[in-house]
A.B. asks: 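First the structure, then my questions, so here it is.
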Amino acid sequence: MNSRASDALGTPIRGPMFQPVEAKPDLIAQEHDVLRMWAERRTFARLRAQNAEGERWSFLDGPITANNPMGVHHAWGRTYKDVFQRFRAMLGHAQRWQNGFDCQGLWVEVNVERDLGFTNKHDIEEFGIAEFVSLCKQRVLTFAARQTEQSIRLGMWMDWNDPDELRRLRDLLASDPGQTVTVQGPDGALTDTVEMIVGRLGMPEIGGSYFTFSNENNDLIWGFLAECHRRGWLYKGHDSMPWCPRCGTGLSQMEMNEGYADREDPGLTLRFPLLDRPGEALLLWTTTPWTLAANVAAAVGPKLRYVRIRQGGDEFWVGRGTLRQAVVGPFEVLEERPGSDLVGWRYSGPFDELPAVRDAFAKGTRDEPGQPYEHRVVAWDEVGEEEGTGIVHIAPGCGAEDYQLGKALGLPVVGPIDEEGLYYDGFGWLSRLEAPNVAERIVDDLERRGLFYHLEPYTHRYPHCWRCGTPLLFRLVDEWFIDMGPVYDQPRETLSPEQFDASLRYQIMEVVGRIRWIPGFGYERELDWLLNMRDWMISKKRYWGLALPIYECRACGTVEVIGGRAELQERAVEGWDVFEGHTPHRPYVDAVKIACSGCGALVERIKDVGNPWLDAGIVPFSTLHYREDQEYWKRWFPADFITESFPGQFRNWFYSMLAMSTVLRREEPFKTIFGYALLYGEDGRPMHKSWGNAIEFDEAAERMGVDVMRWMFANARPEENILFGWHAADAARRELLVLWNVYAFFVTYARVTGWSPGDDPTAADRSPLDRWILSRAAGVAAEAEDHMRDYDALGAGRAISRFIDDLSTWYLRRSRRRFSRGEAGASRSAAFATLHEALIATARITAPILPFLAESLYQNLVVGGDGQGDDGGDGDGAAPDSVHLTRWPTAELAAQRDEALEAAMATARRAVELARTLRGQAGIKIRQPVARMWLALPGGELPEREALLELIAEEVNVASVEVIGDESDLVERRVKPLLPVIGRKLGPAVPAVMTAAREGAFEIHPDGSVTLGGVTLAPDEIEILATPRPGTAVAHDEGLVVVIDTALTPKLRTEGDVRELERAIQDLRKEAGLAVRDQIEVWISGLSSDVAAHRDRIAADTLAARIALGAPPEGLRQSTVELQSGRVAVSLRRLASDG
RNA sequence: GGGGGAGUAGCUCAGUGGGUUAGAGCAGCGGUCUUAUACACCGCUUGUCGGUGGUUCGAGUCCACCCUCCCCUACCA
C-alpha cells in the first residue's frame, strides 16, 4: 500500500523489511487502499468470528432515515458508533453490528411526491396508492444503498448489505413486485417474491441492516398497539389539531415543535355589535382572519376590568389594560365593569348569514339543545391583556384551546376547512377558497359591512410543517392517541401505587431513572419532556407507513386493535386473498375486513398510517427477535449503549423507545445513552447550501479524509455544537501528520540501516529515555481505555494527543542521532526497537478512532508488504494481519509502566525549558556549547539521575551539569506553605503566613518545622524550595532552579564554530538535493586554524570523503558562513561514484 | 411564563472535592533548532474569566440576582 512512495534514500544496505513511505502521505488514497485490503482479507468477518464467543456488548443503532445521502452531521454520530464498537471489539466483546434504516413516513412520501411533481393527496390517489408505496420503498432502497457505501467509506464496520444487491432488489421491485427472486443469506439461499424479500430485510435469514418497513417491525408495533388498547390507553380524539394543508395530515405534538418560525400575519381588530345594547360593540383582535367564519363566542376574563369608550359616534367595549395597544385615536371612557358583567351578552357574529354557521347554531347548545344558539360573551380565565383587546375571538373548530373551551361550555362547533385547507361548501363566497389566502378579502368584506376597526401587520412565532414548511392551520379532526396518563399535582415520590399504575408517563419516568444519561442533563430533559407531554398522537392520514391495525365498527362503535398478522388472518372474513403475499402496507392491507366482535358487522381498517416514531421505537424488540427467539432477545436486551444527537431525540426516538419498552416490559431498553449536540458550519451557523458553509459528506471524505474527520469528531465536546469546516480539518490533519512524521522517520532509517525486529534488547539494555516512552505508551493505553469504557472519546483523544507530542517532540528529538549516526550497535538497536514498539502501540491505541491510519502503520510495521502476518514484537511470530484484530494493549504493556521515571522526565524537560530560556536571554545560541550548568531539584532527588543529567546536558549543549542543594550559595531557601493542608486549620491567619513566606521572614527548626507569621507549621505542612538568590542570572519554577555559566572560553567558541560549520554544510547538502547517504567533497576557504583542527570530525559528520582548505574548483558555487572566528566560504559537490 | 446549556486572549477552546501568579492551539511579532517533520522549540503581546453582590483567610471555580446568545417547553387569540 506504499507503492507510490519514492525512494530518495538509495538502496538499503540490507533487504527491505519495511516498505518506503512518503514524507507527505496521501491519506485519502491510503484510506481507499485500506478499504480494499479489508475487503480482500475479509478482516471484519474474521473479527466477528474471533469475538463470537466473547462477553456480549449490545449496541443498538438508532436508524438513519434512508431518504437522502448522508451528511457530515451523520458522520459525527456514526463516528461515535464505530469508535465504541471497534473499541469493544478490541476488548473481545461479541457484538451484533447491526445498522438500522428508518424507512416509513412522510419524509419519504414528500420526496417521492416532489419527484413525481405532485402537489396534493389527490394526485397520489389518482396515481395509485400501490404504485406510490412501491416508489417509497424503492427510494428507501436507493438511499439505504447509498448510505451504506458512504458509511463504509467512513470506516464504519457493520454487517452491511451489499449495496448492489439492495439496488437490484429495488429494480426488481420496480419491474414486478410479485416476481420470485433468490438471495443469499448467512445460512444459505432464500427464495420468495421480491416484495416479501424486501419485507424480510434485516431478519436473521437474510442478515444485514434492519429496515423499519420490515414485516416484523410492523407486526410488533401492531402487538404494542393491541397491548395499549387492552389496557385502555388507545383512544380516538376529536379535536382541533394543527394541520398541514399541503401534506393533508395532522401533526403530533412532537412534530409541532420542529417548525416554529417567525411569520407576519394581519393583526386585525374588528367590532362585534352587541344585540341588546344598541350602538355598542365589542372590539376583538385576531391574527387569523380565516377563522372568523367559525366564530362562536367572544371570551372575556371574568376578573379583568373592561371599559366602555366613545370614539366619534361609536361606543366600544375593550379591556382596560389593553386600551393603549388596542384603541386607535382619541377616546373617552364612559364606564368600567368587571368581565363577569359582560358574560352572556349577545352579539352579532361576523358571518351569521352563512348556511354552515346557521346549521351549526340551529342545533343549539348542550344545555339548550332545542334552542338555536346565538353568539354570546363567555368567561375564560386564560384571557390576558398583553396583546389584543382583552376580548378573545373563540372558534372551537380552529384552535385547540378554543375547542376545549367550547367543549366545556357545550357550545356548537363550526369546522370550516377540509384536508387541503379549502373552505367547505356552505360558507358562501368563501367556499372552495384557500383559508390561508383569504385574509385580504375578509378584511374588505368586513370593511364593507362596517365591522372593521383596525389592521396592523403582526409578527409572531407561528408553527409550520416541519417537512414542507407550509404554515399550519388548526382543523377539526379525528385522530388516534395513546393516553399518557394524568399529571398529578404532587411530587413523584408521593404517588400511590394506584396513581402510578394509572399513568404511563410516571411508569416511563421510573424507567428513565434506571438509565445512565451522558451528559447528565439529559436525564432532566427527558423527565421534563415526559411531565409536559400530552397524549401521543399516533395517526396520520397518509399512505406510506405503518398501517394502524385499528378497526372501528361504524354500526356499533366497537374499536378493535389487531395484534399481528396471524391474528388478522384469523379474524379476516373478507379480502385476505387480496392482502396475502404483500407486506403490511396500504393499499393491500386495507382490503382485509373483519367481523365486529360487538355486532358482527363487517369492519374495515381505519385508513390512517402510524407515526414514524413507532417504527423506530420498537427496534429494541423487533431487531432482537423478541417474538420468535426469546433466548436471543434475552441475550441482547437491554442494549448496553445507544448514541444519537440529543436535540430532538428526547421527544422522538428516546421517547418512543422508552414508551414502548415501558408498555411491553416496564424495563429500560438501554442502559447507557450518550448524546451529542449539533453540527454547524465553521461560521457558527447551521450548514446551508445557500450560505456557502455546507460541506457534503462525500466531498469531505475525498478532500479531508475520513480519519481527519473522525479525529475532529472524536475530539469534539459532545454536549456542545461542533463547528465543522476546512480550517478545523487542517488543524486536525497537522496533528495526525506529526504521528506520520515519526513513523516516516522510523521507516526511513530502518531501511537505511537495514534494521529489522527480532533480536530486541531487553528492558535493562534500554536507556531511560527508551523506558520512558514505553512507560508513556503503557500509560496512555490504560488512560485511553478508562476514557473509552466511560464513553469519553474526547478524553481518550486528548491522552493520545499528549502521547504523540511526547513521542515526536521529546523522544524522537532526543533520540534521532541514535538512528542516524555511527551509534554503538546496542544503543541503535534499542532505539529502533523502542520506537518500533511505541509506534505499534500507538497504532493499536488509535485504531478505534483512526482505523485507516492505524492500519497503514500496523501493516508496514508489523505485517509487512506480503500480507503475511509477521512478528508483532511479541516474539511469537503470529501477529494478526490487521490492527483491528489485535486486543487492546493495556495488559500487554503494563509491565513497562514506570511512573517515577515519568515524573523524573517531566522535571528534566522543565529544566531544559528553563535552560533554553536562559540561553535566549543571554543571546547564546543552542549550537554554542557552554561549560557548566547548575541545577537545584525540588525535593533534591531525581531517579535515573545520571542518565537524565546527561540528557539535559546534551539537549542544552552544556559540558557538565551539577546538582546543587538548597544550601548552595547560588540559591536561597524558600518556604512554600501547602495551602490545601493549612488553609482550613489557619483560616484568617493565612494571609500573614503567606506574606511571611513571600518575604522570606521564616525560621527553619532542626526538626523540619518552620515558624513564620507567628505560626509554626509541621514539616508535612510546608515544602522547602530553592529559589534564585536575587541578582544571579537564573530561572526557576516550583523549586527547580537552573543556572548556566555564560562565560565562553576560546575553546567553547571554536566548538560552536565547528557545529555552525557542520550545520551550514548539511544545509548545502539539502539545498543540493543530495540523498542522506551520498558522499561529498568539500572546499572551505578562510577557515581559522582552531576550527580547521576539527576537520576530521566535520568530515565524518557530513559524510565528506575529504575537506580541502582553499578555493574550490572552477564553476563550483561558494556560500558564505559567518563564524565567530571569521567569515568562511564553503563549496561542495557530490562524489561522482557512489561506492 | 417554566426548564436546560453556554459566556475565559483577535479566533477555537482547556481549566470545579475553592488555594493566592488563569492556560493551550491557531493568528501576529522577534528569535532558535533542524538532511523525519513548510516541523518543533524559546520569548513577546492581548484577559474587568458576561455583570453585580454574597459566602470564605482566599472565588474562573460555590451561592443569589441580573445581562447576552442558543436550545427545550408552554394555550396566548
Side-chain angles (χ1 to χ4, degrees), chain A residues 8-9 21 23-24 253 257 267 284-288 291 298-299 380 382-384 386-395 398-402 404-405 460 519 521-522 524-525 527-529 531-533 646-648 650-651 677-678 682 684 716-717 719-721 723 727-728 730-731 734-735 737-738 740-749 798 801 805 808-810 812-813 816 819-820 912-913 915-921 923 925-927 977-984 986-994 998 1063 1065-1071 1073-1078 1102-1103:
Chain A
L9 301 170
V21 297
K24 289 173 67 180
Q253 190 191 354
N257 297 313
L284 282 90
W285 181 71
T286 182
T287 56
T288 50
T291 65
W380 191 30
E382 302 300 319
V383 175
E386 295 77 32
E387 284 170 329
T389 64
I391 305 177
V392 177
H393 151 60
I394 299 294
C398 302
E401 303 75 47
D402 302 41
Q404 292 307 322
L405 180 65
H460 58 155
F521 63 76
E524 322 288 341
R525 289 276 288 273
L527 286 188
D528 189 52
W529 164 254
L531 203 56
N532 284 305
M533 93 157 286
F646 258 176
F650 287 103
R651 60 171 179 269
L678 297 173
E682 215 155 32
R717 284 191 63 186
E719 65 270 39
E720 276 177 26
N721 297 331
L723 306 185
H727 292 99
D730 285 341
R734 267 198 297 276
E735 228 184 320
L737 286 182
V738 173
W740 181 268
N741 290 330
V742 176
Y743 162 68
F745 174 93
F746 170 82
V747 170
T748 301
Y749 283 94
R798 282 183 184 155
S801 290
D805 192 63
S808 169
T809 67
W810 191 247
L812 191 49
R813 175 188 172 76
R816 51 192 309 157
F819 296 91
S820 55
V912 168
E913 260 176 49
R916 274 203 283 252
T917 302
L918 285 176
R919 293 188 75 113
Q921 283 167 2
K925 294 177 178 184
I926 297 287
R927 270 196 300 279
L978 298 173
L979 271 166
V981 179
I982 65 163
R984 187 162 300 178
L986 296 184
V990 167
V993 169
M994 296 308 289
R998 208 170 294 127
R1063 190 199 58 82
I1065 293 170
Q1066 301 288 27
D1067 251 9
L1068 290 173
R1069 288 183 61 113
K1070 196 175 182 181
E1071 271 175 38
L1074 301 189
V1076 176
R1077 295 179 54 257
D1078 286 337
T1102 59
L1103 269 186

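Order of the sequence lines sets the chain letters (A, B, ...), proteins ahead of strands, with each chain counted from 1.
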A.B. asks: Can you tell me, in whole Å, how much space there is between the C1' of G54(B) and that of G58(B)?
C.D. replies: 15 Å
A.B. asks: Provide the Watson-Crick or G-U wobble partner of U21(B), both distances under 3.5 Å; none if there is no partner.
C.D. replies: none
A.B. asks: Which one is paired to U45(B), where only Watson-Crick or G-U wobble pairs with both distances under 3.5 angstrom count?
C.D. replies: none
A.B. asks: Which nucleotide in the set A77(B), G4(B), G15(B) lies at the smallest distance from any side-chain heavy atom of Trp285(A)?
C.D. replies: A77(B)
A.B. asks: Can you tell me how far P in C49(B) sits from the matching atom in G43(B), rounded to whole Å?
C.D. replies: 25 Å
A.B. asks: In whole angstrom, what separates Arg813(A)'s CZ from A40(B)'s P?
C.D. replies: 12 Å
A.B. asks: Between C44(B) and G7(B), how far apart are the P atoms? Round to whole Å, please.
C.D. replies: 28 Å
A.B. asks: Is Arg927(A) near enough to C33(B) that one of its side-chain N or O atoms lies under 4.0 angstrom from OP1 or OP2?
C.D. replies: yes
A.B. asks: Main chain of Glu524(A), side chain of Asp528(A): is a donor-acceptor contact present, judged purely on distance under 3.5 Å?
C.D. replies: no
A.B. asks: If you measure from the C1' atom in A9(B) to the same atom in G53(B), how many Å do you get, rounded?
C.D. replies: 27 Å
A.B. asks: Could you tell me the separation between the NE2 atom of His393(A) and the CG atom of Asp402(A), rounded to the nearest 0.5 Å?
C.D. replies: 7.0 Å
A.B. asks: When you measure from the side chain of Asp805(A) to the backbone N and O of Ser801(A), does any donor-acceptor pair fall under 3.5 Å?
C.D. replies: no
A.B. asks: Go ahead and name the base partner of G60(B); Watson-Crick or wobble counts if both distances stay under 3.5 Å, otherwise write none.
C.D. replies: none
A.B. asks: May I ask you to say what Val383(A) touches in the nucleic acid, namely base, sugar-phosphate or nothing, with a heavy-atom cut-off under 4.0 Å?
C.D. replies: base
A.B. asks: How long is the line joining CG of Asn721(A) and P of U12(B), in whole Å?
C.D. replies: 13 Å
A.B. asks: Looking at Arg651(A), does any N or O in its side chain come under 4.0 Å of the phosphate oxygens OP1/OP2 on U73(B)?
C.D. replies: yes
A.B. asks: If each of Pro977(A) and Thr287(A) is mapped to the nucleotide of RNA chain B with the nearest heavy atom, which maps nearer the 5' terminus, i.e. the 5' end?
C.D. replies: Pro977(A)
A.B. asks: Under 4.0 Å, counting only non-hydrogen atoms across every strand here, what does Glu382(A) touch: a base, just sugar-phosphate, or nothing?
C.D. replies: base
A.B. asks: Asn721(A) side chain to Ala677(A) main-chain N or O, any donor-acceptor pair under 3.5 Å?
C.D. replies: no
A.B. asks: Using only heavy-atom distances, determine whether the side chains of Thr1102(A) and Gln1066(A) contain a donor-acceptor pair under 3.5 Å.
C.D. replies: no
A.B. asks: Taking only the C1' atom of each, what is the distance from A38(B) to U34(B) in whole angstrom?
C.D. replies: 12 Å
A.B. asks: So what's A77(B) paired with, Watson-Crick or G-U wobble, going by both distances under 3.5 Å?
C.D. replies: none
A.B. asks: Which part of the nucleic acid does Thr288(A) contact within heavy-atom distance under 4.0 Å: base, sugar-phosphate only, or nothing?
C.D. replies: sugar-phosphate
A.B. asks: Would you mind classifying the nucleic acid contact of Leu812(A) as base, sugar-phosphate or nothing, using non-hydrogen atoms under 4.0 angstrom?
C.D. replies: base
A.B. asks: Considering only side-chain heavy atoms of Val990(A), which listed nucleotide, U35(B), A77(B), G19(B), is closest?
C.D. replies: G19(B)
A.B. asks: Looking at A40(B), which nucleotide sits across from it as a Watson-Crick or G-U wobble partner, both distances under 3.5 angstrom, or is there none?
C.D. replies: U32(B)
A.B. asks: Between G15(B), G5(B), U73(B), which nucleotide gets closest to the side-chain atoms of Phe521(A)?
C.D. replies: G5(B)
A.B. asks: When the P atoms of A27(B) and C39(B) are considered, how many whole Å apart are they?
C.D. replies: 9 Å
A.B. asks: Verify the ring-centre separation between Phe746(A) and Phe819(A): is it less than 6.0 angstrom?
C.D. replies: no
A.B. asks: Which whole number of Å gives the distance between the C1' atom of U45(B) and that of C29(B)?
C.D. replies: 8 Å
A.B. asks: What's the CG-C1' distance between Asn741(A) and C41(B), to the nearest Å?
C.D. replies: 16 Å
A.B. asks: Partner of C26(B) by Watson-Crick or G-U wobble geometry, both contacts under 3.5 Å, or none?
C.D. replies: G10(B)
A.B. asks: Using the C1' atom on both, measure C62(B) against G18(B) and round to a whole Å.
C.D. replies: 8 Å
A.B. asks: Nearest nucleotide by nearest heavy atom, which residue falls closer to the 5' end of RNA chain B, Arg525(A) or Thr291(A)?
C.D. replies: Arg525(A)
